[in-house]
Each structure stands twice: as C-alpha cells, then as structure tokens.
Amino acid sequence: MRTGKWTKKVASSAVALTMLMSTMAHASAAPKQEIQLNINHWMVTLDVDYAIKDQTTLVPLQAMKYYLESMGLHWNNKTKTVTISTGADQVVLEMGSQKAKGDSKVYSLSTPAYLKNGHVMVPIRFIADLYDAQAGWDKKERMVYLYMPKVDVSTSEENGYVKLYPFKVTKYGRYEGMVVEVEGRKRVFKEWHGGDGTRKPIVHYQDVTGDGKPEVVVFYVNGTGTGLYMGEMHVVDAETLKEIPIESLEQAVSTYVQSSIKKYADHFLVKVTIDGKESVQRFEDDSEDKGYLYDKVGFGAVVNHSLVNGRLQTTAAGSISPAGFAGEIKMTYRFQEDLNQFVVDTIEYSLSDEGR
C-alpha cells in the first residue's frame, strides 16, 4: 500500500525515528505547545503535555485511546501495570519498564513508561508498534505524526474485495490520487483529488450500465466551505479497470438549462427554463445595491451525487450569489453503449421554499 507524502520522509527503523525526535530535545527552550501531534490526520489536543526524555518523545496513553480504534486500557494500581487491548493483542506494561509483554510478542520501549499526574506516559514509537502504524517528525511544522494506512481504505458493502484508497495523502488527510482495487487487481487514478480519512469516499459495486455485470462507482468530496460542497462521481469498468466517462454537470447545464436573474427596486426574479418548461421565483429585496446577485443562476458550488435503484443521480443547487441559492436541478443518467458513456437522461428543476 502507498503512504502519504510525509511518510516518505520517515526512515523505517526505530533508530532513525529516535534520531529525528532528538532534534526536538535540543529545542527545550521553545514553548511546548509549538509541537503538534497528528494521529490519522486528526490534530490531537492533549490533557497532559507531552514529555521529552532521553531524546524520546512521550505522550499520555489515555489521550491516544480516543484517536486509535479498539484501544482498551485497564490499570492495576497494586502492580503498577497497565493492560492495553488493541483488538489484535493484549499487552501488559509495567511502569519503569522498557519491555511490554503481548500474547505473542514482546515490545521494546526506548524510554521506560512512567506516571505523570496520574497519566501513563509512553514513547510515541511504542504506540506505532502496537498498531503497526507509521510514525514521523515534520521538523518544519514541528509536528509528530502517527498514521495507520487502513484508516483511509474504503470498502464496497456489496463486495469486500472491492476497495479504494489514496495513492498519496497529505498530513491533513486529503487524497492526492486514488487506487481502485477489484479482487486484487489495481489501477491508480492520479487525477482524483479529494476525500480524506474522516470523510472517506464511498464505493459501490453495482450494475449501472445495464449489461448484467457490476461496475465500481466512486463518490467523494473534492472541496467544502461556506456555500461550497463539491462532490465527485466516477464509474470504473470492473473488468478492464478503465474509467467510463460521465457527461459533466457543466456540459449538461450548458445544453439543457437557460436562466436569468432580473433585478427590480423592491425584488428580483429568478427564471430557469429546461426543455421549454419555465420556472419563475420572486424574492423580496428592497436594497439599493443588488450587485451581489449574479446575472444568471450558477450550478456547481453545491453538488451531490448518489446511486438510486441502480441509476446515477446528480443534484446541484442553483447559486444566485456567492452565498445564496434558489432551487436545484436533479439529473439522472443512462448508459449510451455506442458512445461508451453515461449521458443525461432526465433533468428537472425544483423551486426553493423561499422563493415560492
């Protein structure tokens, strides 16, 4: 499996990482909050400050529990040991020890575990070893990383052997290129950018061409923000792993939709025409300056895709200003075999409640 950009900078051995972490120890004069902790693309806020001992960074074990799946902790005050359940192993760690004993493996700690304000402090490398994760240190941003590639894997609910995961991933989780895998066969789509480990792409394995054979259907989010939600949709032939083109929203709007926004002293009118069917909405607005309004309705700022009863659908909100909307269009697609492409089959416009 691929790793993110930052992981390419990280040496694979524990010794190399310890050397990287030693850079942090020499910066003891810097405020502690300057060092950040990133676990699986989440910026972690610690209840107890990290610590640096013997050129090793230690973090509170309890804080890790909330960011790593399947971690269970049990403290034995009599023996001063903590039992860590990872889902794959039961590991017993004694305070002051540099060894932790699992069911079938002994883990080494570069610096002994110890208690700090009631919290068990352990080296970040120990956490990485427990979860077979990758750890790294970004000197420029003074950021420690802990990353498990499996958090970025999306699996089809129809077939567990159909998967999607990033080709590369930024430190904050954005995918830069994606890999489609069908029963062990893989293809990289470097132009697919978006999604992340906290908003994973959705993968389906259904027949959407009507040939009786399932295709791989991928939905992901390319960008979000105020008045912005840009969904993406792709279909891949499961046998050839080649992408099947889909008529774009821009092309469909250009071909089928006409619109205008007429501005008056105390209101404005939004007109949308599709296949000769005209929809007109009146919005009350007595402001003197209506320059914030567009001249026509835009479709592309808020776009969602879905799969309904084996058919691809797209909905796009109608933008009348940078943050204002009036109605939406809904399109369904059909597969046109002679073009080997999905084309718009039906398109309709619905009014917003505000302008009715």
Using only atom types and a distance under 3.5 Å, with no angle test, would you say the side chain of [X] pairs donor to acceptor with the backbone of [Y]?
{"X": "Arg311", "Y": "Tyr333", "value": "yes"}
{"X": "Gln98", "Y": "Leu109", "value": "yes"}
{"X": "Lys116", "Y": "Pro60", "value": "no"}
{"X": "Arg185", "Y": "Ala238", "value": "yes"}
{"X": "Asp275", "Y": "Tyr256", "value": "no"}
{"X": "Tyr205", "Y": "Tyr161", "value": "no"}
{"X": "Lys200", "Y": "Val153", "value": "yes"}
{"X": "Glu247", "Y": "Val344", "value": "yes"}

With sequence neighbours excluded, what pairs up with [X] under the salt bridge (Lys or Arg N to Asp or Glu O under 4.0 Å) test?
{"X": "Glu278", "result": "Lys271"}
{"X": "Lys290", "result": "none"}
{"X": "Arg334", "result": "Asp345"}
{"X": "Glu284", "result": "Arg282"}

Using a 3.5 Å cut-off and no angle test, enumerate the donor-acceptor pairs between side-chain atoms of residues 292-307 and protein atoms at least two apart in sequence or in another chain.
| unit_1 | atom_1 | unit_2 | atom_2 | d |
| --- | --- | --- | --- | --- |
| Tyr292 | OH | Asp285 | OD2 | 2.4 |
| His305 | ND1 | Thr314 | OG1 | 2.8 |
| His305 | NE2 | Gly231 | O | 3.2 |

Decide if atom [atom1] of [X] counts as having more than 12 heavy atoms of other residues, nucleotides or ligands within a radius under 6.0 Å.
{"X": "Lys80", "atom1": "NZ", "result": "yes"}
{"X": "Asn340", "atom1": "CG", "result": "yes"}
{"X": "Lys263", "atom1": "NZ", "result": "yes"}

task: List the atom of Gln36, the atom of Glu141, and the distance in Å for their closest heavy-atom pair.
output: NE2-O, 3.5 Å

Gap between atom [atom2] of [Y] and atom [atom1] of [X] - 0.5 Å precision:
{"X": "Lys150", "Y": "Thr155", "atom1": "NZ", "atom2": "OG1", "value": "12.0 Å"}
{"X": "Lys262", "Y": "His267", "atom1": "NZ", "atom2": "NE2", "value": "12.0 Å"}
{"X": "Thr346", "Y": "Ile274", "atom1": "OG1", "atom2": "CD1", "value": "10.0 Å"}

State, yes or no, whether a side-chain contact exists between [X] and [Y] at a heavy-atom distance under 4.5 Å.
{"X": "Pro201", "Y": "Tyr175", "result": "yes"}
{"X": "Arg187", "Y": "Lys242", "result": "yes"}
{"X": "Glu337", "Y": "Thr209", "result": "no"}
{"X": "Val120", "Y": "Leu73", "result": "no"}
{"X": "Tyr50", "Y": "Ile124", "result": "no"}
{"X": "Leu164", "Y": "Val216", "result": "no"}
{"X": "Val151", "Y": "Trp42", "result": "no"}
{"X": "Met43", "Y": "Met143", "result": "yes"}

message: The test is side chain to side chain donor-acceptor pair (under 3.5 Å); show your working for Lys163 and Ser156 and say whether it passes.
response: CA-CA 6 Å; Lys163 304 175 182 179; Ser156 166; over 6 Å; no

task: Apply the test side chain to side chain contact (heavy atoms under 4.5 Å, CB included) to residues Asn40 and Tyr131: give CA-CA distance (whole Å), side-chain angles for both, the deciding distance (0.1 Å), then the verdict.
output: CA-CA 12 Å; Asn40 290 329; Tyr131 283 88; over 6 Å; no

task: Please test Tyr165 against Lys186 for side chain to side chain contact (heavy atoms under 4.5 Å, CB included), starting from the C-alpha separation and ending with a verdict.
output: CA-CA 11 Å; Tyr165 43 86; Lys186 306 173 185 178; 3.4 Å; yes

Partners meeting ring pair (Phe, Tyr, Trp, His ring centres under 6.0 Å) with [X] (sequence neighbours left out):
{"X": "Phe268", "result": "Phe283"}
{"X": "Phe189", "result": "Trp192"}
{"X": "Phe342", "result": "Phe335"}
{"X": "Phe126", "result": "none"}

- prompt: Of all residues at least two apart in sequence or in a different chain, which pass the side-chain hydrogen bond (donor to acceptor under 3.5 Å, both in side chains) check with Asn76?
  reply: Thr79

- prompt: Can you list the steps and then say if Tyr220 with Met233 is a side chain to side chain contact (heavy atoms under 4.5 Å, CB included)?
  reply: CA-CA 7 Å; Tyr220 62 86; Met233 173 172 63; over 6 Å; no

Within one Ile-Leu-Val-Met-Phe-Trp-Tyr cluster: Ile347 and Val343, side-chain cutoff 4.5 Å: no

Return all side-chain donor-acceptor pairs below 3.5 angstrom for residues 87-94, not counting sequence neighbours, or 'none' if the list is empty.
| unit_1 | atom_1 | unit_2 | atom_2 | d |
| --- | --- | --- | --- | --- |
| Asp89 | OD1 | Asp103 | N | 2.8 |
| Asp89 | OD2 | Tyr107 | OH | 2.9 |
| Gln90 | OE1 | Ser85 | OG | 2.8 |
| Gln90 | NE2 | Ser85 | OG | 3.4 |

- prompt: Just checking, is any N or O donor in the side chain of Glu158 or Gln206 under 3.5 Å from an acceptor N or O on the other one?
  reply: yes

Pairwise salt bridge (charged side-chain N to carboxylate O under 4.0 Å, His left out) hits with a residue in residues 206-226, at least two apart: Lys213-Glu239

message: Set out, in order, the CA-CA distance, both residues' side-chain angles and the distance that settles side chain to side chain contact (heavy atoms under 4.5 Å, CB included) for Leu61 and Met71, then state yes or no.
response: CA-CA 10 Å; Leu61 187 59; Met71 177 182 276; 4.0 Å; yes

